[in-house]
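Reviewing the structure listed below.
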Protein chains: 2
Amino acid sequence: MSSRTKIKDIARVAGVSTATVSRALSDSSLVTHATRDKVREAASKLNYRLNVRARNLRIQKSMAVLLVVRNMSNPFYLEIFKGVEAVARAAGYVLLMGNTEDDDDRDIEYFDMLRDGQADGMILMTGKLPADHEVLQTASGMAPIVVALEAVDDCKLAHIQIDNCTAAKQAVNHLVSLGHRRIAHICGPLPEILGRLRLEGYRTAMAEAGLDIPEGYDPVGDYSIHSGKECCRQLFDREDPPTALFVANDEMAFGAIGELRRRGLGVPQDVSVIGFDDLFISESYSPPLTTISQPRMEIGQTAMTMLLDIIGARLTDPKTIEMPTELILRESTGPVIQ
Amino acid sequence: MSSRTKIKDIARVAGVSTATVSRALSDSSLVTHATRDKVREAASKLNYRLNVRARNLRIQKSMAVLLVVRNMSNPFYLEIFKGVEAVARAAGYVLLMGNTEDDDDRDIEYFDMLRDGQADGMILMTGKLPADHEVLQTASGMAPIVVALEAVDDCKLAHIQIDNCTAAKQAVNHLVSLGHRRIAHICGPLPEILGRLRLEGYRTAMAEAGLDIPEGYDPVGDYSIHSGKECCRQLFDREDPPTALFVANDEMAFGAIGELRRRGLGVPQDVSVIGFDDLFISESYSPPLTTISQPRMEIGQTAMTMLLDIIGARLTDPKTIEMPTELILRESTGPVIQ
DNA sequence: AGCCGATTTGTAATCGATTGCAAAATTGAT
DNA sequence: ATCAATTTTGCAATCGATTACAAATCGGCT
């Protein structure tokens, strides 16, 4: 491949200066239509392509955003990826994937990339902030970071979240309204705010319904299918097993249902199960899973839109957007049968 | 944030030239240990951070690879993403996500990005090549592209694939060995090579077993849960419904199982179902799905490794790596019951 | 024609690194 | 001490664009 043509070449062919070429190609109002067309013609004759690297160096932007998650292979993120990607590309940004595997050092690496200008912004879904990283200490304006679905305190950042506590209450209320009284909750990890909020919602709803939570009725899993199975086993090895399960995410709910099936317990005849997230598969699981749905694609889109606003300085003060959730009634929950 | 320190600043502080600074920081053998340390010290005192953009412009690389898929929210890709990401980051590359949504124009955009140097290489999972794109016509050496899990002809590219035909045969053979004779196949889209190969494997296996394929026993879906349901409906509305289904992917298999359940047919008592892909959820589906497993993470890792070899010119001739598949026996298949 | 102001164009600096080549410093041998 | 060979260093060009500022051109008006 012969060396690429650059604006210098166009300048020569069109008989103008490189400055004019640059202006013409970017539709600056500083060039006449005549020269603009002349330059355009030369450019297309020479098959010119802008060197993005050079331009980005000059304008001090990278036109890339970083999407950082703790585990890239979590299916929950898929729709979010898609939403972010759609908005990012529409705005001319490329999407850089970051995967921390819960490793703090990696976390820092991505923050470093942001500070070093390898990305212009970041959508953070890990819920972790490297303590007082330079990036967070810009005196002027906000750091170009949107925290999605997690919360970090100590810092003035834009957030987009759902109301986990209320959603959890709603789920439990549904079970209560079906007549269940022994309702257990399989939690997510409690160091994380998400797990805590859902647990809080569960507890509140139970208290409001005047129901006791027996010791051990809220085992902690790690959002994996396997841990759902394990927690379910614990609960049903008890003498007073629950008749309904509110599980902190769909995957653990699947694990729990598998375990129930293994024990010969029917869902929902013997036990009602309700999940959280509404994975793509939940609708057609057997039984179709009652669950809390989050508008994941919209969350991705909104997060990216917010990030663009921050980058473009249209948004300069911390702001938290709350997205609505919805309780999706399917066939894994039913009235309690004595 | 005061303007970032650059090598010029270090040069001043360390009392050397920028050339020496650059060499010292990149561990060139052209500097003495003494000056190297001196420079290093100045750099860390000044809190220096390399400007990656500037360096990339100069060395004419972007240290980024593009991963292009037709639909970002397909859960099948997750483990592949992860494999690619792991190898890429270990080699110092960042991962750019490309999502075509089956739009040819987008396809071209990503090829343009490659040509324009916005990425140094590409892992292509769409199975589509923009006809005679410049990138493909490098006289010298191969284009830095690895085609994964799809095949494109007409062109000398590196491929990584699985043996779809043999895997499909294996699946069908399993059903045959369980005594099934009326075995249907829910195909993937046939414009795509994947769908055709799996269909071919099905047909071959049936022929080898001396079994007829009635007209309409191979309905075509689009890999979605919904289309699996739809194809299943067609098959079981017949007078001679099958006793076993080999489905071209797990999602359609889920759809089919849902439809069977709706009709009051048990899996595997009444109908055996076998899928393809072994999604994360398949193991704990009810019933756990018998399926063909592909080593997805390894496929991602291997694809990226190959790409690095091409970029590094360690691999200069087209090569196809074939990854092994495995038939995973679970509970969705069983002996035929008369 | 001459002058003023508004447009349009060009010159050259700049973004922040890497690197070819020349110059300087060092080493070793005589 | 001298000189050649070798190792270290520095100068300045380069990657390919954008843009501040200066220069040129144009148009309108007297």
Side-chain angles (χ1 to χ4, degrees), chain A residues 1-40 42-43 46-64 92 112-113 115-120, chain B residues 1-40 42-43 46-64 92 112-113 115-120:
Chain A
M1 180 159 30
S2 58
S3 96
R4 296 270 301 283
T5 77
K6 23 190 166 179
I7 59 172
K8 215 173 185 175
D9 303 318
I10 301 180
R12 191 180 321 114
V13 170
V16 296
S17 71
T18 60
T20 302
V21 173
S22 174
R23 294 191 189 107
L25 293 180
S26 61
D27 259 332
S28 159
S29 62
L30 288 176
V31 289
T32 54
H33 284 261
T35 48
R36 200 201 58 175
D37 293 344
K38 189 171 59 179
V39 169
R40 285 278 166 92
L46 294 179
N47 226 305
Y48 171 75
R49 300 241 96 215
L50 174 68
N51 183 318
V52 179
R53 256 187 253 117
R55 142 184 263 250
N56 284 349
L57 169 60
R58 177 62 226 229
I59 69 177
Q60 305 268 53
K61 287 189 157 212
S62 60
M63 296 309 284
D112 284 348
M113 285 179 64
R115 169 189 49 192
D116 296 348
Q118 290 203 67
D120 296 334
Chain B
M1 179 160 32
S2 58
S3 96
R4 294 268 300 282
T5 79
K6 22 190 166 179
I7 60 172
K8 216 174 185 176
D9 303 318
I10 301 181
R12 191 179 321 114
V13 170
V16 297
S17 70
T18 62
T20 301
V21 173
S22 173
R23 294 189 189 108
L25 293 180
S26 61
D27 258 331
S28 158
S29 61
L30 288 176
V31 289
T32 53
H33 283 261
T35 49
R36 201 201 56 175
D37 292 345
K38 190 171 56 182
V39 169
R40 285 277 167 92
L46 294 178
N47 228 305
Y48 172 75
R49 298 241 97 215
L50 175 68
N51 182 318
V52 178
R53 256 188 251 117
R55 142 184 262 249
N56 284 348
L57 169 60
R58 176 62 226 230
I59 67 177
Q60 306 266 55
K61 287 188 156 209
S62 60
M63 297 308 283
D112 284 348
M113 285 179 64
R115 169 190 51 192
D116 297 348
Q118 290 203 67
D120 296 334

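In what follows, chains carry the letters A, B, and so on, assigned in the order in which the sequence lines appear, proteins first and then strands, with residues in each chain numbered from 1.
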For the pair made of CG in A:Asp27 and P in D:dT18, what is the distance, rounded to whole Å?
12 Å

Polar pair under 3.5 Å, donor/acceptor by atom type, side chain A:Arg55, base D:dT18
no

Spacing between A:Leu30 atom CG and D:dT25 atom P, to the nearest angstrom
18 Å

Please walk me through it: do A:Arg53 and B:Lys61 pass side-chain contact (heavy atoms from CB on, under 4.5 Å)?
CA-CA 9 Å; A:Arg53 256 187 253 117; B:Lys61 287 188 156 209; 5.5 Å; no

Pairing of A:Asp27 and A:Arg36 as salt bridge, 4.0 angstrom limit:
yes

Heavy atoms within less than 4.0 Å of DNA chain D: which residues of residues 10-21 of chain A have one? Give them sorted by number.
A:Ala19

Checking only heavy atoms, does the side chain of B:Arg23 share a donor-acceptor pair with the base of D:dG10 at less than 3.5 Å?
yes

Whole angstrom value for the distance that separates P of C:dG16 from CZ of B:Arg4:
8 Å

Heavy-atom closest contact (B:Leu25 atom, B:Ala43 atom, distance)
CD2-CB, 4.1 Å

Whole angstroms only, please: what is the CG-P distance between A:Asp116 and C:dC15?
18 Å

Report the distance from atom CG of A:Asn56 to atom C1' of D:dC15, rounded to the nearest whole Å.
14 Å

Using a cut-off of 4.0 Å on non-hydrogen atoms, how would the nucleic acid contact of B:Ser29 be classed: base, sugar-phosphate, or nothing?
sugar-phosphate

Flag the pair A:Lys6 and A:Asp9 as a salt bridge only when some basic side-chain nitrogen lies within less than 4.0 angstrom of an acidic carboxylate oxygen.
no

Scanning both residues in full, the closest heavy-atom pair of B:Tyr48 with B:Ile7 reads OH-CG2, 3.4 Å

Determine, for A:Asp112 against A:Arg115, whether the closest basic-nitrogen to carboxylate-oxygen distance falls under 4.0 angstrom.
yes

What is the separation between atom CD1 on A:Ile59 and atom C1' on C:dC15, rounded to the nearest whole Å?
11 Å

Taking the side chain of B:Tyr48 as heavy atoms from C-beta outward, which of D:dA17, C:dA17, C:dT9 is closest to it?
C:dA17

Please report the closest heavy-atom contact between A:Ala42 and A:Ile10, naming both atoms and the distance.
CB-CG2, 3.9 Å

Mapping B:Leu57 and B:Thr32 to their closest nucleotides on DNA chain D, which lands nearer the 5' end?
B:Thr32

Once you apply a heavy-atom cut-off of 4.0 Å, does A:Arg49 come out as touching a base, just sugar-phosphate, or nothing?
sugar-phosphate

Is any side-chain nitrogen or oxygen of A:Gln60 closer than 4.0 Å to OP1 or OP2 of C:dG16?
yes

Any side-chain N or O of A:Ser26 under 4.0 Å from OP1/OP2 of D:dT18?
no

Tell me: CG of B:Leu50 to C1' of C:dG16, nearest whole Å?
9 Å

Between CG of B:Leu25 and P of C:dT18 the distance, given in whole Å, is 8 Å

